[in-house]
Amino acid sequence: MASSCVSYEGCNFFRQRLVLSTLSGKPVKIRKIRSKDDNPGLRDFEASFIRLMDKITNGTRIEINETGTTLYFQPGLLYGGPVEHDCNLQRSIGYYLEALLALAPFMKNPLKAVLRGVTNDQKDPSVDTLKATAIPLMKRFGIDGEGLELKVLRRGMPPGGGGEVVFSCPVRRFIKPVQLTDPGKVKRIRGMASPGFGLSLIAETTNGTFLSAEMASNPPGQGTPILPEELGKNCAKLLLEEIYRGGCVDSINQSLALLYMTLGQQDVSKVLLGPLSPYTIEFLRHLRSFFQTMFKIETQKPEEDGKGGEKVLMTCVGVGYTNLSKTLK
């Protein structure tokens with residue numbers, strides 16, 4: 001399948017590019033990866049991400065130049081099945097898991113991934129937050145059933161890691177379109193506190209929307225330890241901000257929802273989001289490059305004063321992406 005190559009420069013949005021390349025079947029070339037840096041080229045955590053992409057696919061071709069500043073990635077077929085991966089400790093398991101959440105439904109075989117490394121850090125969404133927010137979101141798009149599970153077997157903090165997570169996901173022939181336009185009202189707030197790891201707070205609404213906020217403790221030997229009371233108070237403030245932003249999907253999962261909408265059956269999907277994060281805005285540009293999808297974006301003012309921030313209604317027609325591995329039954 002010869003498809004034109006999509007070209008980029010720089011190290012930003014690295015995962016977005018490889019994930020969309022794999023789903024669309026379009027090779028991607030990334031040049032000038034930290035070429036002006038004292039230590040140029042791909043970082044260890046990015047190399048680890050490429051290895052994970054290689055493990056879940058069949059026939060992927062990867063070419064990296066000597067300095068690691070240019071990457072050519074020609075995606076193979078999403079194969080799935082059992083996979084084990086030691087995630088690089090510079091980033092948390094969440095960094096790797098987010099890509100698997102995007103790709104898992106489209107595999108040839110149901111994915112069962114064992115990921116080891118850091119479960120909670122200050123950079124990436126923790127496995128707790130993804131379990132509480134991304135998994136219910138996947139169910140909304142018809143990716144559900146007994147096969148969908150995210151289990152935290154052991155926790156690991158930076159710099160040592162030692163955590164272990166199992167993610168299993170059923171495969172789907174297609175993704176169903178959604179209409180998520182009324183977030184509902186907050187009905188309960190739950191939290192997950194792990195001694196020494198931090199706090200993850202989740203607000204659940206009457207319509208099954210989950211909004212999250214989290215804070216991780218400073219790793220041992222880095223900075224002053226944060227008092228538990230301080231951490232709790234700061235995390236609660238973050239959750240209030242997330243509730244103020246609102247929408248039917250919290251900010252860390254905006255791009256996952258937009259991806260599923262894009263790949264859905266050829267029908268209209270609508271999702272109400274809070275203000276789009278810079279990461280999401282870039283993701284929309286990438287979706288256009290790889291899938292030619294355009295979203296209709298309508299800003300909505302809050303209905304009454306004090307009812308939270310401006311919302312954005314996102315509408316698109318799915319490209320009717322079919323999981324080709326699932327056709328021959």
Side-chain angles (χ1 to χ4, degrees), residues 45 87 89-98 101 115-137 150-165 183-254 256 273-275 277-280 302 305-311:
F45 69 88
C87 301
L89 302 178
Q90 294 168 346
R91 299 299 286 257
S92 85
I93 289 173
Y95 173 86
Y96 299 87
L97 186 58
E98 282 189 299
L101 296 173
L115 301 175
R116 297 186 190 94
V118 170
T119 51
N120 306 71
D121 74 0
Q122 294 172 323
K123 286 202 268 289
D124 300 299
S126 71
V127 287
D128 305 291
T129 298
L130 290 172
K131 181 181 171 124
T133 57
I135 298 289
L137 179 65
L150 178 51
K151 277 198 306 227
V152 183
L153 303 181
R154 277 199 306 280
R155 293 184 178 281
M157 275 291 271
E164 188 169 332
V165 172
K185 293 184 165 47
V186 174
K187 68 170 180 182
R188 70 163 72 102
I189 292 182
R190 289 202 174 125
M192 168 93 181
S194 312
F197 289 97
L199 175 66
S200 152
L201 291 177
I202 309 292
E204 183 185 351
T205 74
T206 46
N207 285 355
T209 291
F210 293 86
L211 304 170
S212 66
E214 62 180 340
M215 288 203 86
S217 326
N218 285 334
Q222 292 182 27
T224 46
I226 311 170
L227 286 170
E229 295 81 0
E230 269 307 284
L231 189 114
K233 200 164 80 184
N234 293 343
C235 193
K237 279 185 189 154
L238 284 179
L239 184 68
L240 289 173
E241 278 175 34
E242 191 61 53
I243 292 170
Y244 179 82
R245 286 198 288 268
C248 295
V249 178
D250 65 345
S251 37
I252 66 164
N253 291 299
Q254 285 178 345
L256 185 65
L273 299 177
S277 71
Y279 188 83
T280 303
D305 285 344
K307 258 309 208 27
E310 262 192 2
K311 307 281 182 284

I'd like to know if the side chain of Glu214 pairs up with that of Asn120 as donor and acceptor (distance under 3.5 Å, no hydrogens or angles considered).
no

Considering only heavy atoms from C-beta outward, does the side chain of Ile202 approach that of Ile189 to under 4.5 Å?
no

Drop me the distance from Leu238's CG to Ile243's CD1, to the nearest 0.5 angstrom.
11.0 Å

Can you find a pair of side-chain heavy atoms, one from Pro219 and one from Gln122, that are under 4.5 Å apart?
yes

Which atoms form the tightest heavy-atom contact between Ala213 and Cys235, and what is the distance?
O-SG, 3.8 Å

Between CG of Leu239 and OG of Ser200, what distance do you get to the nearest 0.5 Å?
9.5 Å

Calculate, to the nearest 0.5 Å, the distance between atoms OG1 and CG belonging to Thr133 and Asp250 respectively.
4.5 Å

Lys187 versus Thr205: any side-chain heavy-atom pair under 4.5 Å?
no

Could you please spell out the steps behind the side chain to side chain contact (heavy atoms under 4.5 Å, CB included) verdict for Leu153 and Val165?
CA-CA 6 Å; Leu153 303 181; Val165 172; over 6 Å; no

Shortest non-hydrogen pair, Asn253 vs Ala134, comes out as OD1-CB, 3.5 Å

When you measure from the side chain of Asp121 to the backbone of Asp124, do you find a donor-acceptor pair of N or O atoms at a distance under 3.5 Å?
yes

Shortest non-hydrogen separation from Asn234 to Met215 and the atoms involved
CB-SD, 3.3 Å

Please evaluate residues Leu115 and Val127 with respect to the criterion side chain to side chain contact (heavy atoms under 4.5 Å, CB included), reporting the C-alpha separation (whole Å), side-chain torsions for both, the decisive distance (0.1 Å), and the verdict.
CA-CA 11 Å; Leu115 301 175; Val127 287; over 6 Å; no

Going by heavy atoms in the side chains, are Lys123 and Ser92 under 4.5 Å from each other?
no

Does the side chain of Leu231 reach to within under 4.5 Å of the side chain of Pro228, using non-hydrogen atoms?
no

Polar side-chain atom of Lys311 near backbone of Gly247 as donor-acceptor pair, under 3.5 Å:
no

Looking just at side-chain N and O atoms, do Thr209 and Glu204 make a donor-acceptor pair shorter than 3.5 Å?
no

Tightest non-hydrogen contact, residues Pro275 and Glu310, listed as CD-O, 3.5 Å

Which value, rounded to the nearest 0.5 Å, describes the distance between Glu242 atom CD and Leu201 atom CG?
11.5 Å

Dump the intermediate steps for side chain to side chain contact (heavy atoms under 4.5 Å, CB included) on Ser277 and Gln254, then the final yes or no.
CA-CA 8 Å; Ser277 71; Gln254 285 178 345; 3.7 Å; yes

Just do the side chain to side chain contact (heavy atoms under 4.5 Å, CB included) check on Ser212 and Ile252 with the steps written out, would you?
CA-CA 8 Å; Ser212 66; Ile252 66 164; 4.2 Å; yes

I want to check something: taking the side chain as every heavy atom from C-beta on, are Leu130 and Leu101 in contact at a cut-off of under 4.5 Å?
yes

Using atom types as modelled and distance alone, determine if a side-chain donor or acceptor of Tyr95 lies under 3.5 Å from a backbone N or O of Gln90.
no

Hey, could you give me the OG/CG distance between Ser217 and Leu199, rounded to the nearest 0.5 Å?
9.0 Å

Roughly how far apart are Met192 CE and Phe197 CZ, rounded to 0.5 Å?
10.0 Å

Looking only at heavy atoms, what is the nearest atom pair of Lys131 and Lys151, with distance?
NZ-CA, 4.4 Å

